[in-house]
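Okay, structure first, notes after.
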Amino acid sequence: MEKAKKRRFGIIATIILAATLILGLLWATATAEKNAKHQDTLSRVEKQGKIIWGVKADTKLFGLMNTKTATPVGFDVDIAKALTVQISKQTGVPMSAEYVPVSSASKIQLLKNTNIDGTVSTMTITPERAKVVDYTDSYFNAGQSILVKKGSEIHSIQDMNDPKYTVLVVVGTTAAKETKKFAPKANVVALQDYASAMQALKAGQGQAMSTDNAILYGFANENPDYQIVGGNFTNGPYGIAFDHDQKPMVDQANRALATIKENGIYNQLIEKWFSQVPGLDWRDLEV
Amino acid sequence: MVTLGILSAFSGDNINYLLGGLVITVGVSVISVIISLIVGSIIGIIQFEEIPYFSSFVGTINNIIRNLPLLLIIFFVYFALPRIGIHLPIFLATVIAMSTFESAMLAEIVRGGLASIDIGQFEGARANGLNNMETMWYIILPQAYKKMIPPIISQLISLVKDTSLASGIVLAEMTYRGQIVYAQNSTYIVPVLVMLTVVYFLLNYGLSLIAKWFDKKLA
Amino acid sequence: MGLLQNYFSTFLQGFGYTLLSSVVALVGSMLLGTLFAIMQVLPTRWMQIVGNIYVQIFRNIPLLIITLFLYLAVAKVVKMNGFTAGTIALTLYTSAFIAETVRAGILSVDSGQMEGARANGLKFGQAMRYIVLPQAFRVALPSLGNQFINLVKNSSILAFVGGLDLMYQGNMVAANSFDTFTAYIIVGIFYLVLTLPLSYYMQYLEQHLKAKA
């Protein structure tokens with residue numbers, strides 16, 4: 001190419017590329033707004049014939065990966081399964097349940113992403129989250145507590161209120177936000193998942209790990225050197241979450257939840273998962 | 001107690017589960033390297049051609065991407081793009097994030113590879129009646145790619161290692177699956193991390209030997 | 001951009017930790033990398049082997065695995081927090097690449113120079129320090145620069161172990177505000193502030209060296 005031609009080509013190509021980028025960006029922003037009011041979850045799950053549930057894969061008792069079947073198992077998973085069966089009955093549309101592992105940090109994004117239709121993942125109902133997702137009625141009553149090594153000088157969250165102590169939490173959990181309120185002077189370090197947080201506690205990266213008591217019971221059960229101290233210092237009921245503005249889906253889920261609580265399935269699941277946990281009075285959890 | 005931990009950590013189920021993760025790790029890496037090779041070549045050639053304005057514009061965008069952490073790009077594609085309406089399943093999101101990043105890296109390699117070709121060859125080819133495109137396609141690129149094989153394999157090694165970052169967005173690749181296995185029982189942690197180290201090492205060391213072999217053969 | 005105002009101190013703190021980790025790892029990996037590069041060119045066979053094994057291991061396993069190993073396993077024996085574990089992992093990982101770069105630099109120096117220096121009565125260490133290494137570094141400078149940029153980018157690994165760095169803080173802001181898009185864009189700009197000038201300077205240097213040659 002001669003120089004002038006090459007120069008002209010360069011200018012034109014630059015303008016085209018720059019225009020594409022700018023238009024792309026504008027289009028993207030416009031779609032973002034349109035997508036804010038997106039499709040109806042209930043009609044989507046009815047159409048696809050399955051409900052894709054986000055569940056935990058690293059949390060004992062609630063959702064833990066079974067490496068043989070490569071599917072998570074736990075109370076949350078069973079609740080999701082029972083709800084799917086019940087919602088199928090209510091709507092008359094046969095639906096199966098599918099489980100996708102989510103982390104505390106990713107679950108809300110995945111709902112927004114419509115990668116999952118709903119999530120049963122030890123998710124505490126909070127006013128901030130209720131602005132971005134829709135919750136069902138509570139399906140489990142939990143509260144934040146701390147897990148420490150046996151013989152530790154720490155007996156409650158208030159004892160942690162000292163800059164020499166570190167509390168381990170998980171990114172995106174309510175504990176990550178709330179702990180500072182109860183122990184403002186303590187260091188709070190957030191890890192990516194519960195498996196790492198428990199390992200970090202064992203490695204001495206912190207003196208306590210804080211999250212919901214029910215999750216901590218799973219860890220205390222597995223690690224007899226560790227115990228829960230000081231009782232619950234918050235009250236945080238778990239809810240099943242759907243994307244924002246999904247009233248039809250939430251109504252269906254609430255109806256299904258009420259039904260399994262009435263017909264005893266819920267209590268069976270409580271017994272199945274929590275009756276073996278030492279230190280936890282599972283009968284308190286029944287409805 | 002310790003040996004028991006090692007034995008049960010490496011139960012058949014756990015091994016299968018981890019190796020399933022290896023398939024995903026390799027899959028993401030290979031697909032990403034192929035895409036990046038194509039996109040990176042186009043960007044590299046544009047930069048090499050020194051087209052007024054256009055080359056430096058593309059070069060600037062390339063530089064921006066090259067200078068961001070891959071972890072950030074992965075999080076951005078998976079967690080931030082949905083906010084502007086781009087919803088991607090996790091596997092695709094990882095591949096796109098890694099391809100974007102690697103394309104920028106490979107563009108530099110392609111540009112460098114082209115720059116290393118003797119200018120006399122361009123002139124010779126053109127003197128023989130080939131036009132610009134033909135010269136590039138038949139004479140220059142084949143030589144440049146031959147020289148680029150070792151650095152491209154190095155990039156593949158980087159990709160295999162970097163796929164572990166996608167455990168941050170819960171892609172079920174090998175590192176994430178390792179975390180799941182030691183979530184079962186905390187005595188598994190050292191055996192699992194050792195196994196991951198060994199598998200990554202064997203795979204990447206093998207690749208680096210191939211790169212070395214090419215290096216010698218081409219020298 | 002309200003997000004930037006609300007969380008400015010958080011981002012700034014993260015930026016500080018990223019900078020600190022990068023500088024510490026830079027110094028550490030330069031020292032370690034040079035050490036292992038010299039080991040690989042020493043006449044002693046077992047030293048070569050040790051140097052080579054070190055480089056091959058740390059080059060070929062993911063930085064994340066090294067980081068998790070230090071933070072979750074080694075920390076049971078030697079206390080270290082996420083920042084320390086991440087920074088040490090970053091140092092070990094980068095040093096393997098720097099060792100390779102410096103070794104190539106040393107090999108590019110004419111072996112006659114070493115012999116000449118020895119003939120003039122310099123000890124091996126002195127000849128290495130005053131004659132060979134300065135030239136080796138000059139040759140290796142462009143690729144060392146690239147390693148530094150990689151190091152800054154790779155410091156985002158600290159986010160996996162609560163290392164308080166820029167990426168970690170970005171994740172926290174994203175999780176708290178739900179505005180992932182803006183949060184990650186801001187994090188990206190902060191990283192570019194560190195890496196882009198370095199990158200352009202390296203390009204300039206490379207061209208400058210080429211023009212000189």
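Protein chains get the first letters and strands the later ones, always in sequence-line order, with residue 1 at the start of each. Given the structure is predicted, the values throughout are model-derived calculations rather than measurements. Atoms considered below: every heavy atom in the structure, side chains included; atoms not considered: hydrogens, waters and symmetry mates.
- Judged by distance alone, the side chain of D134(A) and the main-chain N or O of D245(A) form a donor-acceptor pair under 3.5 Å.
- With chain C as the partner, the residue from V171(A), I108(A), D193(A) showing the most heavy-atom pairs under 4.5 Å is I108(A).
- Note: A75(C) leads A75(C), A85(C), G163(C), A159(C) in heavy-atom pairs under 4.5 Å with chain A.
- Contacts between L168(A) and chain C at a heavy-atom distance below 4.5 Å involve the side chain alone, from C-beta outward.
- Of the atoms belonging to V189(A), heavy atoms from both backbone and side chain fall under 4.5 Å from chain C.
- Here the side chains of V55(A) and S121(A) are not in contact, with every heavy-atom distance at 4.5 Å or above.
- Taking the six-membered ring where the residue is Trp, the centroids of Y93(C) and F58(C) are separated by 6.0 Å or more.
- For F181(C), no part sits under 4.5 Å from any heavy atom of chain A, backbone or side chain.
- No other option in S106(A), A200(A), A190(A) has as many heavy-atom pairs under 4.5 Å with chain C as A190(A).
- Looking at A175(C), the atoms closer than 4.5 Å to chain A (heavy atoms on both sides) all sit in the side chain, from C-beta outward.
- When each of Q205(A), K131(A), Q192(A), R129(A) is scored by its heavy-atom pairs under 4.5 Å with chain C, the top score falls to Q205(A).
- In this structure, Y200(C) has its ring center no closer than 6.0 Å to that of Y204(C).
- Heavy atoms of K202(A) lying under 4.5 Å from chain C belong to its backbone as well as its side chain.
- Relative ring orientation between Y238(A) and Y139(A) is described as tilted, the plane-to-plane angle lying within the 30° to 60° band.
- Using a cutoff of 4.0 Å between basic side-chain nitrogens and carboxylate oxygens, K56(A) and D76(A) are not scored as salt-bridged.
- Ring geometry for F15(C) versus F190(C): interplanar angle of 30 to 60°, hence tilted.
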